[in-house]
Amino acid sequence: MEVDINKLALLARINLTEAEKLKFKEEFGAILGYIGHLEEADTSGIDDPRAGRATIEENVMRVDDSDDFNKTGEQSEVLLKEAPSTSGGFVKVKNVFTK
Amino acid sequence: MIDLEKLTIKKAQGLIKSKQISCKDLTLAYLENIKAKNEEINAYLEVFGDALKQAEELDEKIKNGEDVGELAGIPLAIKDNILIKGKIASSASKILENYHATYDATVIKKLKNAGAIFLGRTNMDEFAMGSSTENSAYGATKNPRDLERVPGGSSGGSAAAVAADMCLAALGSDTGGSIRQPASLCGVVGLKTTYGSVSRYGLMAMASSLDQVGPLTKNVEDAEVLFNAIKGQDKYDATSVDLNKYEITGAPSKLKIGVLKYDKNGVAKEVNEAMEKSIEEIKKLGHEVVEVDLQNLKYSLPCYYIIQPAETSANLARFDGVRYGLSKAGKNIIDDYIQTRGEGFGKEVRRRIMLGTYVLSAGYYDAFYNKAQKVRHLVRKDFENNFNNGIDAIIMPTSPTTAFKIGEKTDDPLQMYLSDIFTVSINLAGVPALSLPVGKDTSGLPIGLQIVAPWFKESTLFLLGKQLENATNTLA
């Protein structure tokens, strides 16, 4: 199985050195070879892949209410304190669109 | 002097209640033990400076006759991926080195209300990915039973802390064996709870359809005490359920135990022997023993290594250097993400995110992810069929080997993944399982036995676990 490591690293938003790319490519070969054994499992008759879901089939409802999480506004400051860059009570990011 | 080696939560509760020891004495005894041992073992990433103060405040309340809660003064260690408001929670990653939790996890809130004391946060494989705690960005944890060996993982710090009497009990998380395998390798008890029985709100998500919080303790009774303290539905975790509707308490006194048929060649000889001895013991206890086959068990590890990285790649997308954690400047916003994640994530985390991205990418989604979901259904059906046929519990080894040497498997990710061959199917199925020590190999390393029960039947695990524990004294 051919893996395009450069494309994958870009999709995953992960920076890799050239040496790491080579190593990952080799390891991926072994790991994908191993997980490829799944092909042998007979899954005929299971049409819906959601059959594998973990949760109990039950609708979960609750009031859309912020509780006391941020009633006083204190929590906003606590959250903003963790952000690397802020401005005027907002999280600051670079331009998404460039001219 | 308090004998920490023989102390359990139950005993400590009694000693505190009868005022034979104070909460301060107990906390102090553990803090001294941590001071003496942690440099060598590296079980804790941080010991909390306010633990002693909390204990003193509890003593004051007790003196004044105030209600202090069921776990008053019980000193616990918490895995570094569970949020305690105001404390650093790093998941043993550089990307969260300076991140302070902004709220309490539901399990933490429950334990705080019960009066428990948090001694510190424990080491782990980065973002809970690993089976040896060697993937921590802050150095490996050593196995207290043999310092040249790993404690298992990913909750290796929690398991080592319990084994070395550096806490009375601990919380861990289990996505594919991360509570049970380290419990087995360190010779303590570890419980993976039924999917949906314990809230994951405030647990850093790795693979959300598999993750569960659970206790690591010195005996089965303590695991039961902590399970009862943390379980229950939580409106902040929509996958948690109303246990009044699902939980089944009161196991029958005579059980039908299924012994898993497995390839003995793939398992260490002494682990096989410990299994045999446990089977004899179970028979002596008056239970019926039959052999069971889980036909799709052989697919559970490859299935796991598709579903888990897939969910991981999605869950860890949140670490982008924008809202919290490490932030590295690149050429533009996308490059910021790439630089931040490249530098902040360790090797195994990057490997799994890439793997997850691959199996979810266009062209491979059906062959890998959808196929794995279908196989997951088969794995669960295997358990369901056995339990529907009157099997009360299934037993198997927790780990194919005892604790391995530090560095032994770090260069071969696939070999490391195989450490979880007996544990991952349980997470895929969502059933509960308990690992408890049932013997030692000739080097004196602990061997764990895994008991698996039907959904929401932790009660069966506790019943059989306690019986086997009592019998273990007679096991070699």
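Each chain gets a letter, A, B and so on, in the order the sequences are listed, and its residues count up from 1. As the structure is a prediction and not an experimental result, all values here were calculated from the model.
- Across B/A317, B/C303, B/S313, the residue that shares the most heavy-atom pairs under 4.5 angstrom with chain A is B/C303.
- Neither the backbone nor the side chain of B/L360 comes within contact range of chain A, judged by heavy atoms closer than 4.5 Å.
- Residues B/R350 and A/E20 are paired through a salt bridge, judged by an N-O separation under 4.0 Å between the basic side chain and the carboxylate.
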Requested in this report: Evaluate salt bridge (charged side-chain N to carboxylate O under 4.0 Å, His left out) for B/K328 paired with B/D336, printing each intermediate quantity in order.
Outcome: CA-CA 6 Å; B/K328 287 279 152 193; B/D336 285 358; over 6 Å; no
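- Of the residues considered (A/L8, A/I5, A/L80, A/D4), A/L8 shows the highest number of contacts with chain B, using heavy-atom pairs under 4.5 Å.
- The parts of B/A372 that come within reach of chain A are both its backbone and its side chain, each placing non-hydrogen atoms under 4.5 angstrom from that chain.
- Of all the listed residues (A/L10, A/V78, A/T17, A/V96), the one sharing the greatest number of non-hydrogen pairs under 4.5 Å with chain B is A/V78.
- For a residue to count as touching a neighbouring chain, one of its non-hydrogen atoms must lie under 4.5 Å from one of that chain's; by this rule A/E40 touches chain B with backbone and side chain alike.
- Neither the backbone nor the side chain of A/K81 comes within contact range of chain B; no heavy atoms are under 4.5 Å apart.
- A ring-centre distance under 6.0 Å is not found for B/Y417 and A/Y34.
- Across A/Q75, A/H37, A/K7, the residue that shares the most heavy-atom pairs under 4.5 angstrom with chain B is A/Q75.
- With contacts defined as side-chain heavy-atom distances shorter than 4.5 Å, the pair B/S197/B/E247 does not qualify.
- For the set B/I353, B/L355, B/D366, the count of heavy-atom pairs under 4.5 angstrom toward chain A peaks at B/L355.
- A salt bridge does not link B/D104 to B/K109: none of the charged nitrogens lies less than 4.0 Å from a carboxylate oxygen.
- The shortest side-chain heavy-atom distance between B/I306 and A/L38 falls under the 4.5 Å cut-off.
- Surrounding CZ of B/R318 are more than 12 heavy atoms belonging to other residues, nucleotides or ligands, all under 6.0 Å away.
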Requested in this report: Decide side chain to side chain contact (heavy atoms under 4.5 Å, CB included) for B/S208 and B/N315; before the verdict, give the C-alpha distance in whole Å, the side-chain angles of both, and the deciding distance to 0.1 Å.
Outcome: CA-CA 8 Å; B/S208 304; B/N315 272 329; 3.0 Å; yes
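- Taking 4.5 Å as the heavy-atom cut-off, the residues of residues 83-92 of chain A that approach chain B are A/A83, A/P84, A/V91, ordered by number.
- If you tally non-hydrogen atom pairs under 4.5 Å between each of B/K235, B/Q339, B/K298 and chain A, the highest count goes to B/K235.
- Using a 4.0 Å cut-off between charged nitrogen and carboxylate oxygen, A/E27 and B/R351 count as a salt-bridge pair.
- Chain A forms the most heavy-atom pairs under 4.5 Å with one residue out of B/D320, B/T340, B/N332, B/V241, and that residue is B/N332.
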Report task. Step by step, work out the side chain to side chain contact (heavy atoms under 4.5 Å, CB included) result for B/T193 and B/K231. Result -> CA-CA 9 Å; B/T193 54; B/K231 73 182 181 184; over 6 Å; no
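- A distance below 6.0 Å separates the ring centres of B/F319 and B/F127.
- Under a 4.0 Å N-O distance rule, the pair B/K94/B/E126 does not qualify as a salt bridge.
- Counting heavy-atom pairs under 4.5 Å between each of B/Y337, B/Y299, B/Y324, B/Y305 and chain A puts B/Y299 at the top.
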